[in-house]
J.: 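Got a structure here, written out as structure tokens. Questions coming.
Letters go in sequence order (proteins before strands), and every chain restarts at 1. Everything numeric in this text was worked out from a predicted model, so none of it was measured.
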2 protein chains.
Amino acid sequence: MAREAGVSRATVSFVLNNTQHQKITEATRRRVLTAAEKLGYAPSAAARTLRYGRSDVVLGLLPDWPLGYAAGQLVQELTLAFANRNLTFVVHSGIRGARSLSEIWKAITPAAVLSFEPFSDSDATAMRAAGIEVIVALYDDKGPGSDENITSANAIGAAQARHLAASHRRLGYAYPDDERVAVFAGPRADGVRKACAELGLPEPDVRTVPLTADAAADAVRSWLAADPQVTGICAFNDDVAMSVLAGLRRLGLEAPRDMAVIGVDDSPAAAVSSPPLTSVVQDLPGIAELYANSVRAALDGAPATSNQVEPRIRLEVRESA
Amino acid sequence: MAREAGVSRATVSFVLNNTQHQKITEATRRRVLTAAEKLGYAPSAAARTLRYGRSDVVLGLLPDWPLGYAAGQLVQELTLAFANRNLTFVVHSGIRGARSLSEIWKAITPAAVLSFEPFSDSDATAMRAAGIEVIVALYDDKGPGSDENITSANAIGAAQARHLAASHRRLGYAYPDDERVAVFAGPRADGVRKACAELGLPEPDVRTVPLTADAAADAVRSWLAADPQVTGICAFNDDVAMSVLAGLRRLGLEAPRDMAVIGVDDSPAAAVSSPPLTSVVQDLPGIAELYANSVRAALDGAPATSNQVEPRIRLEVRESA
DNA sequence: CTGTTAGCGCTTTCAC
DNA sequence: GTGAAAGCGCTAACAG
């Protein structure tokens, strides 16, 4: 490349990177660009990474569990948010039996890792030792025993509860039948619990609801038999909510007359369920901006900017609640 | 590292990579490993990539459109399949306004790219020039005018049609209301068309079905008014299928009595829809194996192995059809 | 303003 | 057996 243009390697570097504060002759500039064009020259990210010790890649680590509509959306928004900050976002889907975490990040050499599941301390220290910024998303650092005010982690559950509390005196929580999402479902259920407490409602009745009509019917029966009777259900997500709706139909009952149900995610199916499902929708673009900001700030060595706007939570009110 | 162990760099390399045909003293070997351990030494993928000109990363390029349940599953299966072949699979979600394709692959330096959407010839040649294996998935290279036998691309549609043909004389196709998935929906609709032709059924009636009950009701009305009347619907996916079901309910009609409906993906919501949805389920692990094999073979410079087993397609028969 | 040089960490080749 | 050295492509620093 340098040889071809008859120019020094450094000059080439300046031209191709549009380095400021370097005055390059227009002729030289043109010569370099022409040569680059002719040779189909492409800069080597590997070399650049080796030199800098850091790439511009942000590695997203997805957990093992089933990825639904919302997860896909979030990934897309994150991709966009990082791109706007000159960072390339790629995702690796964690899965039993796949490569170990260390193999992944060594293969990618990311500038930062944004994980949606917690990992071991040794992994974390190893990554930090390699100069990688590590950010764990979606989890409160407060620990399980925290009795703080409602945080963004459980704001979803709280929003569900508050909506139902307008017309229901006892709420239930439809918990997913998948242990893998427990880290996720727990905080949401906690949000419901806290909101109930704040509103003076009795403790919510949490039941696991598998994704079959029969099993859901069992749960519905139990809720209706409870004392005080449970008539408003906050579901972990739209799938679980639709399962509850199926359970109601199986018993010849109807939402919201006999029992109100509210989901999370506003997935496409929610709009056409029977009855159409009321659902909580998260501000995914906002959340993506938040994480992208955190990562960018960490990479720039900036202090953790806490002027972050809390992402909004919205209710898509339909007929089920 | 070498300095610390008092051993040559080459020796270190041999030990850490378990290079065969090199006889290393057990003492030296131990010395190296100890030093590596103590220093928390991690090999630099960037340097290795620079040296080899190729990493062990396979870059998956996802299209812009909404990622559903099946897409998430496929990504997980691909991750596993590639891991079993010593390849690290990461995914970049294509999205309007995000970085250009060339920025992505230059940042990652992948050994291969597995794309789920077609890209320009110039992109393809640029990547190949950079030594990257390029594989475009999910599309037939036969071109749009192909009248071949049913291929895997449209086998899904064919399976739907064949199931419905047992009890219905005229079929309809519920096409998604999203232009972005056209590349995907087209072949499936073609599969239905071909199966109808083979079975001596009239041409299927293709209608776009948005994801709202009202719009779906319109489509249902048109199908029932058609001549000959359409009573069996193949839907692009489960979401569209559930929309058709909603349209039926809106008109006071019922599946499968008034109209049978069959979806694709067997998403969680399908099992609890009203009525429970019959759906085509693809052999995602099989498909993942297929692609992983192709990529592996291409990287090994092997000829395209055509002893590939065609992934099976299965029907999850419930009540809607 | 332009050209040269060193070195990021790794592997391969060659010399001891 | 082990050690030294070159070079992958890049950029920062320095010399002309």
J.: Just compare C:dC10, D:dC8, C:dC8 and give me whichever is closest to any side-chain atom of B:Ser44.
T.: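 For B:Ser44, the side-chain atoms sit closest to C:dC10.
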J.: Minimum heavy-atom separation for B:Val113 to B:Pro110, with atom names?
T.: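 Closest heavy-atom pair between B:Val113 and B:Pro110: CG2-CG, 3.9 Å.
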J.: For B:Tyr52, is the NZ or CZ atom of B:Arg48 found under 6.0 angstrom from the centre of its six-membered ring and inside 45 degrees of the ring axis?
T.: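 Not flagged: B:Arg48 not positioned over aromatic ring of B:Tyr52.
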J.: May I have the step-by-step check of side-chain hydrogen bond (donor to acceptor under 3.5 Å, both in side chains) for B:Arg85 and B:Asn293, ending in yes or no?
T.: CA-CA 8 Å; B:Arg85 288 163 181 79; B:Asn293 271 340; 2.9 Å; yes
J.: Less than 4.0 angstrom between a side-chain N/O of B:Arg48 and OP1 or OP2 of C:dT11, yes or no?
T.: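 B:Arg48 to C:dT11 OP1/OP2: side-chain N or O found under 4.0 Å.
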J.: Give the rounded distance in Å between these two atoms: NZ of B:Lys106 and C1' of D:dG9.
T.: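 Rounding to the nearest Å, NZ of B:Lys106 and C1' of D:dG9 are 14 Å apart.
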J.: A:Leu50 CG to C:dG7 P: how many Å, rounded?
T.: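 That distance rounds to 14 Å.
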J.: Among C:dT11, C:dG9, C:dG7, find the nucleotide with the atom closest to the side chain of B:Ala47.
T.: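 Within the option list, the nearest is C:dG9.
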J.: Of all the nucleotides listed (C:dG9, D:dT11, C:dT12), which has the minimum atom distance to the side chain of B:Tyr52?
T.: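 Looking only at side-chain atoms, B:Tyr52 lies closest to C:dT12.
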